[in-house]
Amino acid sequence: MTERNDKKSTDKRKKTVIGKPPALIYYPAAVIMSLIYRIKYHVTVDRRALKGVRGPAVVLAPHVSGKDHVLTGLALFPNRPTYVLSEHFMSKKFLRPILRMIHAIPKKMFCPDTRSVLNMLRAVREGNVLVLFPEGRLTWYGRSLGITDGTAELVLRMGVDVYTVVSDGAGMTFPKWAKYKRRGKIHIRTEKLLDGDKVKTMSPDEINGFLTEHLRHDAETAMPGVKFRTKDTTAGLDGILWRCPICGSTDCLECSDGNIVCGECRLERTLDEYGKLKPIKIRYGGNTLEGQALIGTVIDSVADWYEYCAATVDTSAPIVRRCEVGKTDKDGYMHRNVGEGGMRLDRDSFSFTGTVNGYDTSFSITTEKLAAFPITVGDHIDVYVDGTLWYLTPLPDPRESVKFVAFLDRVTAERKAAEKHSVL
């Protein structure tokens with residue numbers, strides 16, 4: 001009986017195949033999407049660096065927009081790539097069948113997920129072109145985020161050629177914070193970053209440093225001189241900006257009709273269709289002061305303003321908020337508003353206490369283990385608790401999700417800097 005069970009187990013492992021998207025569905029869909037994106041968003045592609053690529057290979061792409069999966073697919077055509085996607089997407093009933101059909105590999109973000117790593121290695125051994133977004137999160141303010149821990153080690157284990165696909169203009173066309181899409185221009189460029197034989201001679205630290213340098217991206221400077229037309233350039237910006245750089249007031253910014261106005265000091269900035277903030281105006285009675293010199297630190301872009309806000313976060317004081325809970329069920333599907341409670345974040349840990357699905361529930365995770373929060377701007381943060389995905393929405397103002405993200409990012413960055421200093 002034991003021999004028979006061992007044989008069944010071995011046969012099952014041998015039959016684990018990742019596969020590729022079905023050709024009869026993938027190719028027609030790719031052609032249709034290519035036509036739509038070329039016409040609607042003026043997409044152009046330079047795929048010279050990918051000429052002749054058939055796999056095994058890994059593509060590491062800066063995660064600059066919510067459409068990066070489509071855009072990388074256009075660049076890699078006629079290859080049928082294998083995508084690694086956040087399990088966040090697999091929790092949606094309308095998306096899961098599609099993602100399974102294209103053989104996407106789900107990944108629990110910022111928590112151990114051995115199964116996804118094994119599936120990535122299987123995909124490469126099968127000769128697939130594996131597409132990863134190594135930041136683990138879509139940037140919510142247009143600039144590159146840090147590469148997730150373990151990426152360099154994974155690249156080393158794969159030992160195959162490494163490429164990148166960068167979609168310049170995508171971050172301006174589909175900003176994560178924006179309520180409206182833009183129409184301007186997207187240019188997809190490609191590059192071979194490392195030869196597989198070269199990868200095998202490098203240390204994880206060398207790979208990480210190389211990737212950090214070569215995958216750095218800034219959406220606001222990637223397509224200079226291109227106008228991105230939209231209904232309202234600032235709608236949604238209050239989901240990532242919360243502090244006035246003039247008076248220091250928080251939660252006072254009104255973002256609409258292309259303007260950002262402080263409700264306290266009447267600071268006014270206009271965001272044009274090139275993604276640039278026009279000169280500062282401050283109204284005092286009937287007078288208007290204008291000029292960049294009014295701010296000690298130059299803030300002439302959305303990303304600059306967000307980074308100013310993030311730098312002012314006081315990590316010595318915990319953030320405590322009431323919150324609404326969303327949670328995946330036993331089948332992995334997300335259900336919103338299944339509970340309520342309080343969440344607390346300090347330098348050492350993130351915790352929750354409340355009622356979920358009618359039961360008293362609590363948990364605590366160290367910030368070292370947690371590392372980062374994925375965010376849906378103006379709504380919720382994602383966190384995995386014992387492998388289960390939770391959505392936590394701050395109450396009464398969901399826009400405060402970004403404060404939890406900025407706080408944890410600061411703590412993680414400071415911890416890593418201290419660790420690096422201690423090694424030196």
Counting C-beta onward and ignoring hydrogens, is there a side-chain heavy-atom pair between I147 and L60 closer than 4.5 Å? no
Checklist entry - Is there side-chain contact between M172 and M223, with at least one heavy-atom pair below 4.5 Å? => result no
Salt bridge (charged side-chain N to carboxylate O under 4.0 Å, His left out) between D397 and K403, worked out | CA-CA 11 Å; D397 189 353; K403 295 180 182 179; over 6 Å; no
[X] side chain vs [Y] backbone, donor-acceptor pair below 3.5 Å:
X: E135; Y: L145; result: yes
X: Y141; Y: V302; result: no
X: R410; Y: A311; result: yes
X: R96; Y: F94; result: no
X: R80; Y: P21; result: yes
X: E220; Y: A303; result: yes
X: R137; Y: A372; result: no
X: T230; Y: K181; result: yes
X: D195; Y: D197; result: yes
X: S349; Y: S364; result: no

From [X] [atom1] over to [Y] [atom2], what is the distance, rounded to the nearest 0.5 angstrom?
X: L267; Y: N259; atom1: CG; atom2: CG; result: 10.5 Å
X: W140; Y: S401; atom1: CH2; atom2: OG; result: 11.5 Å
X: K327; Y: L392; atom1: NZ; atom2: CG; result: 11.0 Å
X: D329; Y: T388; atom1: CG; atom2: OG1; result: 9.5 Å
X: T315; Y: D346; atom1: OG1; atom2: CG; result: 10.0 Å
X: W305; Y: W242; atom1: CH2; atom2: CH2; result: 12.5 Å

Which of M120, M90, H88 passes side-chain contact (heavy atoms from CB on, under 4.5 Å) with K107? Answer is M120
Could you work out, with side chain to side chain donor-acceptor pair (under 3.5 Å) as the rule, every residue matching D232, not counting sequence neighbours?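 D232 satisfies side chain to side chain donor-acceptor pair (under 3.5 Å) with T234 once adjacent residues are dropped.
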request  = Take R143 and D304 through the test salt bridge (charged side-chain N to carboxylate O under 4.0 Å, His left out) and record every step on the way to the result.
outcome  = CA-CA 10 Å; R143 286 183 183 158; D304 288 340; 2.9 Å; yes
Tell me whether the count of non-hydrogen atoms from other residues, nucleotides or ligands lying under 6.0 Å of [atom1] in [X] goes above 12.
X: D314; atom1: CG; result: yes
X: R115; atom1: CZ; result: no
X: L24; atom1: CG; result: no
X: K185; atom1: NZ; result: no
X: K369; atom1: NZ; result: no

message = Would H335 and N357 count as a side chain to side chain contact (heavy atoms under 4.5 Å, CB included) here? Give the steps.
response = CA-CA 10 Å; H335 297 275; N357 291 320; over 6 Å; no
Could you pull out all residues at least two apart from [X] that satisfy side chain to side chain contact (heavy atoms under 4.5 Å, CB included)?
X: T201; answer: K198
X: K179; answer: A235
X: A75; answer: V45, L50, V165, I188, T190

Check ion pair [X]-[Y] (N to O, under 4.0 angstrom):
X: D272; Y: K278; result: no
X: R269; Y: D300; result: no
X: D331; Y: K93; result: no
X: E153; Y: R157; result: no
X: E273; Y: R229; result: no
X: R415; Y: E419; result: yes

Margin query: So that I know where these two stand, are W390 and F352 an aromatic pair - ring centroids less than 6.0 Å apart?
Written below: yes
Over all heavy atoms of both residues, which pair between [X] and [Y] is shortest? Give the atoms and the distance, please.
X: N128; Y: T82; value: ND2-OG1, 3.0 Å
X: I105; Y: A123; value: CD1-CB, 4.3 Å
X: S91; Y: Y391; value: OG-OH, 3.9 Å
X: A170; Y: V64; value: CB-CG2, 4.1 Å
X: I186; Y: S167; value: CG2-CB, 4.4 Å
X: H69; Y: Y83; value: O-OH, 2.8 Å

With sequence neighbours excluded, residues passing ring-ring contact (aromatic ring centres under 6.0 Å, His included) with H214:
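H214 satisfies ring-ring contact (aromatic ring centres under 6.0 Å, His included) with F210 only.
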Paired with D379, the salt bridge (charged side-chain N to carboxylate O under 4.0 Å, His left out) test is passed by just one of R336, R399, K176, namely R336
Is there a donor in the side chain of T151 and an acceptor in the side chain of T148, or the other way round, less than 3.5 Å apart? yes
Please evaluate residues L408 and F350 with respect to the criterion side chain to side chain contact (heavy atoms under 4.5 Å, CB included), reporting the C-alpha separation (whole Å), side-chain torsions for both, the decisive distance (0.1 Å), and the verdict.
CA-CA 9 Å; L408 184 55; F350 176 71; over 6 Å; no
Under the side-chain hydrogen bond (donor to acceptor under 3.5 Å, both in side chains) definition, can you give me all pairs with a residue in residues 38-63, not counting sequence neighbours?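 Found S34-R38, T44-H187, D46-R48, H63-D68.
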